[in-house]
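So the structure is just underneath, and the comments pick up after that.
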Amino acid sequence: MTAPLVIRAAEPEDVDVLHRFIVELAEVEQFPGQVSARPHDVAEALFGVRPVAEAVVATIDGAPAGFALFYPTYSTILGRRGIHLEDLYVAPEHRGAGIGQALLAHLAKLAVQRGCGRLEWWVLRTNEHALRFYRRLHARGLDEIEILRLDGDHLRDLASTVSPAEPDAWSAT
């Protein structure tokens with residue numbers, strides 16, 4: 001008899017495992033560049049003064065087998081909240097056992113319970129295995145949008161064009 005799968009909210013004690021899974025996921029996806037996030041960054045994002053994300057951990061016999069990290073979104077078109085799945089990962093020794101689908105189903109249930117209009121995520125085009133998995137679940141690709149990004153020097157250059165008199169909406173009050 002196999003041990004039951006448990007999906008639970010991440011706790012501060014899970015940070016090192018979550019960070020390890022994030023690094024493993026980047027390696028599996030052959031993500032360009034190195035993971036610069038450290039365990040402290042993950043802890044701050046999930047459990048800090050102003051948490052910006054949530055995570056759930058899939059365990060088998062109490063041992064972590066995978067995780068999903070997500071955060072809230074809002075659609076002005078729907079006029080409703082949503083959930084953005086940032087990372088979904090299952091350790092290699094547990095793949096093929098339905099854990100990925102169980103994690104996604106858990107997030108879908110959270111989205112429905114929270115009155116969300118959508119659950120969405122990004123997938124690297126090179127991650128063909130994940131794309132096949134998501135399509136089997138009837139997830140659809142979006143042709144009508146393109147993901148754009150400003151980072152590094154370009155982000156700093158644009159930020160420097162802001163007038164010093166403008167209020168900083170993100171700073172702590």
Side-chain angles (χ1 to χ4, degrees), residues 1-75 78 80-142 147:
M1 181 175 196
T2 60
L5 171 68
V6 174
I7 298 176
R8 60 169 175 77
E11 300 169 352
E13 298 78 32
D14 296 315
V15 166
D16 287 333
V17 169
L18 293 172
H19 182 263
R20 179 173 52 88
F21 281 165
I22 290 166
V23 171
E24 289 176 13
L25 174 61
E27 290 170 359
V28 167
E29 289 183 334
Q30 298 176 346
F31 194 80
Q34 204 168 8
V35 175
S36 62
R38 299 290 171 238
H40 171 78
D41 300 316
V42 175
E44 188 66 26
L46 298 176
F47 308 108
V49 176
R50 289 185 162 165
V52 295
E54 298 177 63
V56 292
V57 178
T59 64
I60 296 178
D61 235 0
F67 84 108
L69 190 142
F70 57 99
Y71 55 85
T73 62
Y74 180 76
S75 168
L78 296 177
R80 295 171 68 192
R81 294 181 293 178
I83 290 177
H84 178 86
L85 170 61
E86 180 66 18
D87 288 329
L88 178 97
Y89 178 75
V90 176
E93 64 272 20
H94 296 291
R95 293 188 188 141
I99 296 172
Q101 184 169 341
L103 283 164
L104 209 51
H106 183 86
L107 293 187
K109 184 176 180 178
L110 281 178
V112 169
Q113 289 173 341
R114 295 176 182 185
C116 296
R118 58 173 69 142
L119 168 62
E120 55 194 357
W121 57 95
W122 303 339
V123 182
L124 290 174
R125 289 184 180 103
T126 57
N127 194 344
E128 294 175 13
H129 179 74
L131 288 167
R132 283 192 304 273
F133 166 69
Y134 293 132
R135 287 185 179 127
R136 280 195 309 268
L137 298 176
H138 303 285
R140 64 182 179 87
L142 300 176
I147 299 168

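Just so it is clear, the model here is predicted, and its values are computed rather than measured. Residue numbers start at 1 and run along the sequence shown.
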Practice prompt. Mind listing the closest non-hydrogen atom pair of Tyr71 and Val52 along with its distance?
Written response: CB-O, 3.2 Å

Discussion item. Minimum heavy-atom separation for Val90 and Gly100, please, with both atom names.
Written reply: CG2-N, 3.6 Å

Worksheet, complete the sentence: Nearest heavy-atom contact between Asp14 and Arg8 is OD2-NH1, 2.7 Å

Worksheet item: If you take all heavy atoms of Leu85 and Leu69, which pair is closest and at what distance?
Response: CD1-O, 3.6 Å

Discussion item. If you define the side chain from C-beta out and look only at heavy atoms, does anything of Arg20 sit under 4.5 Å from Asp16?
Written reply: no

Worksheet, complete the sentence: So CD1 of Ile60 and NE2 of His94: to nearest 0.5 Å the spacing works out to 5.0 Å

Worksheet item: Looking only at atom types and distance, does a side-chain atom of Arg80 sit under 3.5 Å from a main-chain N or O of Gly115, one as donor and one as acceptor?
Response: yes

Discussion item. When you compare the side chain of Phe70 with that of Leu119, does any pair of heavy atoms fall below 4.5 Å?
Written reply: no

Item to complete: Could you tell me whether Arg95 and Glu24 have a side-chain N and a carboxylate O separated by less than 4.0 Å?
Response: no

Item to complete: Determine whether Val57 and Val17 make a side-chain contact, defined as any pair of heavy atoms from C-beta on separated by less than 4.5 Å.
Response: no

Worksheet item: Does any non-hydrogen side-chain atom of Leu142 lie less than 4.5 Å from one of Arg140?
Response: yes

Worksheet item: Out of curiosity, Glu13 CD to Phe47 CZ, how far, rounded to the nearest 0.5 Å?
Response: 8.0 Å

Worksheet entry | Side chain proximity check, Tyr89 to Leu103, heavy atoms < 4.5 angstrom | no

Practice prompt. Grab the two heavy atoms, one from Ile83 and one from Leu107, that are nearest each other, plus how far apart they are.
Written response: CD1-O, 4.1 Å

Discussion item. Less than 4.5 Å apart, side chain to side chain, heavy atoms only: is that true for Trp121 and Leu88?
Written reply: no

Fill in: Atom pair CD/CZ of Glu128 and Arg135 - distance to nearest 0.5 Å
9.5 Å

Worksheet item: CG/Asn127 to CZ/Arg132 distance, rounded to the nearest 0.5 angstrom?
Response: 9.0 Å

Worksheet item: In terms of the angle between their ring planes, are His84 and Trp122 parallel, tilted or perpendicular, with boundaries placed at 30° and 60°?
Response: perpendicular

Discussion item. Once rounded to the nearest 0.5 Å, what's the spacing between atom NE2 of His106 and atom CD of Gln101?
Written reply: 14.5 Å

Worksheet item: Nearest heavy-atom pair of Ile99 and Ala58: which atoms, and what distance?
Response: CG2-CB, 3.7 Å

Discussion item. If the condition is side-chain contact (heavy atoms from CB on, under 4.5 Å), which residues does Ala37 pass it with, not counting sequence neighbours?
Written reply: Val35, Asp41

